[in-house]
Undergrad: 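Before anything else, here's the structure in question.
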There are 2 protein chains.
Amino acid sequence: MTQEPQNEEKKPRRNAAATRRKILSAAKEEFAQAGFEGARVDRIADRAGVNKNMLYHYFGSKDSLFSKVLDDAYRDIRQNEAALELDHLPAPEAVMALVEFSWDYYLKHPEFIRLLNAENQQKGRHVKSSAETNDINRTHLDRMREILKRGATDGTLRDDIDPVQLNISIAALGFFYLINQHTLSTVYQRDLMSPDELAERLRVMKDTIRCWVVRQH
Amino acid sequence: MTQEPQNEEKKPRRNAAATRRKILSAAKEEFAQAGFEGARVDRIADRAGVNKNMLYHYFGSKDSLFSKVLDDAYRDIRQNEAALELDHLPAPEAVMALVEFSWDYYLKHPEFIRLLNAENQQKGRHVKSSAETNDINRTHLDRMREILKRGATDGTLRDDIDPVQLNISIAALGFFYLINQHTLSTVYQRDLMSPDELAERLRVMKDTIRCWVVRQH
DNA sequence: GAACTAACTAACCAGATAGTTAATTAATTG
DNA sequence: CAATTAATTAACTATCTGGTTAGTTAGTTC
């Protein structure tokens with residue numbers, strides 16, 4: 001009894017699942033902070049509190065580890081997005097909800113945009129070979145297509161909006177602001193990350209997108 | 001006479017100005033391609049066809065060299081922008097001209113957006129200490145402020161548009177599309193860099209911004 | 001409880017990395 | 001033309017890099 005404490009979770013000295021999890025979490029942080037080339041395998045191991053060889057044991061290489069981190073990141077944002085209940089909303093409000101969602105998600109998960117950035121610096125070579133991520137994003141596009149169709153039919157939205165262009169613009173307005181916060185804050189001499197400025201940016205984004213997609217009467 | 005050819009430019013074996021220029025040009029390419037951490041000092045020297053120590057002789061360090069490259073990039077885009085003759089245009093058209101300019105400039109100078117990206121990955125630490133870049137960008141903001149004031153006065157533009165937000169949105173819609181072209185093309189399964197798609201993106205950007213800034217009558 | 005498997009560790013490696021040193025040589029100047 | 005200065009080179013260094021090797025040890029299975 002004394003050997004196995006009962007009211008604490010058991011701490012086996014070996015735990016493959018936990019080790020994998022710790023590595024993935026540490027890798028996400030490190031890749032987001034430093035980019036792919038800037039990330040250091042030793043630093044990931046240190047952050048995870050794990051021997052460096054464990055990364056190679058479980059993931060094979062720095063590249064494969066990054067691919068896994070990226071896949072997980074895409075899955076998480078799309079799962080959260082899919083959890084929104086948009087079907088009962090009027091089409092214009094559904095679009096506004098998506099603008100708000102992507103902004104909130106970027107703010108809550110700053111590592112997401114940095115990982116995407118890192119991947120594009122690598123010319124998207126990891127994401128190209130991920131069938132899963134491709135599936136995930138296809139349904140994401142389909143959802144927007146549905147909303148636009150619904151809005152075009154009931155006359156609330158324009159009928160000539162390309163869902164790809166719209167998705168890109170929604171992401172762009174928030175993503176660019178956040179990823180370039182350092183140069184922008186310096187150049188425009190304003191703390192663009194203050195709560196007031198963040199709220200204002202969301203207002204501008206919604207205003208801009210609404211104006212573009214809503215049918216003018 | 002035969003020693004110094006007259007109809008060719010002289011090629012002195014030593015040429016400080018030319019060496020500096022070659023280093024800066026090579027550094028711009030390398031930093032844009034690989035980011036700050038990913039860039040290799042040896043590769044810059046090779047590209048420039050110059051001994052590595054020349055970089056240290058003229059620029060002191062990898063960091064200072066990057067700062068210089070970044071400053072030059074900002075100066076170039078703002079100089080080109082300032083050369084536009086916008087005063088005689090109606091305010092809405094002046095805004096459209098600026099949307100078109102930034103898009104064309106990004107396409108013509110893909111290294112510019114990649115350098116900005118690299119700098120933000122470095123948390124903007126180089127640009128913070130560049131007084132010149134700050135000056136350059138202040139006049140860039142003033143120009144937009146003037147256009148908005150003119151448009152608000154003559155009733156063609158809304159009078160509640162923040163020039164900072166507008167500048168950011170204009171940059172965002174193009175910048176994001178281009179910097180993330182690899183993941184976006186994969187995810188949406190479309191070659192977003194084909195001439196047709198590029199033209200369509202400019203159309204969407206102009207449509208979006210016009211709709212937001214123009215006063216609805 | 002012996003045999004086996006998978007988790008884990010430590011020490012190591014070859015090549016790369018930013019930056020330095022010290023000497024050489026071409027242009028300039030008085 | 002001698003002295004000086006600035007451009008240029010090659011060789012070097014200490015440290016870091018992703019990845020490997022070879023072994024040890026904790027759980028599991030039969």
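Since this is a predicted model, take the numbers as computed values, not measurements. Proteins get letters first, then strands, A, B, ... in listed order; numbering begins at 1 in each.
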Undergrad: Here's a test of your reading of the structure: between A/G60 and B/A16, which maps to the more 5' nucleotide of DNA chain D?
TA: B/A16
Undergrad: Specify whether A/F66 and A/F31 have parallel, tilted or perpendicular ring planes, treating 30° as the upper limit for parallel and 60° as the lower limit for perpendicular.
TA: perpendicular
Undergrad: Taking atom CD of B/E132 as the centre, report whether more than 12 heavy atoms of other residues, nucleotides or ligands fall under 6.0 Å from it.
TA: yes
Undergrad: From CG of B/N53 over to P of C/dT21, roughly how many Å is that when rounded to an integer?
TA: 10 Å
Undergrad: Figure out the CZ/C1' separation between B/R20 and D/dT8, and round it to whole Å.
TA: 16 Å
Undergrad: Evaluate whether atom NZ of B/K149 has more than 12 neighbouring non-hydrogen atoms of other residues, nucleotides or ligands under 6.0 angstrom away.
TA: no
Undergrad: Using atom OH of B/Y58 as one end and atom C1' of C/dG19 as the other, report the distance to the nearest whole Å.
TA: 18 Å
Undergrad: Nearest-Å distance, CG (A/L65) to C1' (D/dG19)?
TA: 13 Å
Undergrad: Between atom OH in A/Y56 and atom C1' in C/dC13, what is the gap in whole Å?
TA: 13 Å
Undergrad: Under 4.0 angstrom, heavy atoms only, what part of the nucleic acid is A/A39 near: base, sugar-phosphate, or nothing?
TA: sugar-phosphate
Undergrad: Over 60° means perpendicular and under 30° means parallel, so classify the ring planes of B/Y177 and B/W103, tilted if in between.
TA: perpendicular
Undergrad: Using the side-chain heavy atoms of B/R40, tell me which of these nucleotides is nearest: D/dT8, C/dA18, C/dA7.
TA: C/dA18
Undergrad: Output the single nucleotide from C/dA18, D/dT17, D/dT8 whose closest atom is nearest the side chain of B/H57.
TA: D/dT8
Undergrad: Please list, chain by chain and in numerical order, all residues satisfying side-chain contact (heavy atoms from CB on, under 4.5 Å) with B/R190, sequence neighbours excluded.
TA: A/D162, A/V164, A/Q165, B/L192, B/E197
Undergrad: What's the CG-C1' distance between A/D42 and C/dC13, to the nearest Å?
TA: 13 Å
Undergrad: Is a donor-acceptor pair below 3.5 Å formed from side chain B/K62 to base C/dG19, judging by atom type as modelled?
TA: no
Undergrad: Figure out the CG/C1' separation between A/L55 and C/dA7, and round it to whole Å.
TA: 14 Å
Undergrad: Checking only heavy atoms, does the side chain of B/N51 share a donor-acceptor pair with the base of D/dT8 at less than 3.5 Å?
TA: no
Undergrad: Measure the distance from NZ on A/K52 to P on D/dT21 and round it to the nearest whole Å.
TA: 13 Å
Undergrad: Below the 4.0 Å mark, does D/dG19 have OP1 or OP2 next to a side-chain nitrogen or oxygen of A/S61?
TA: no
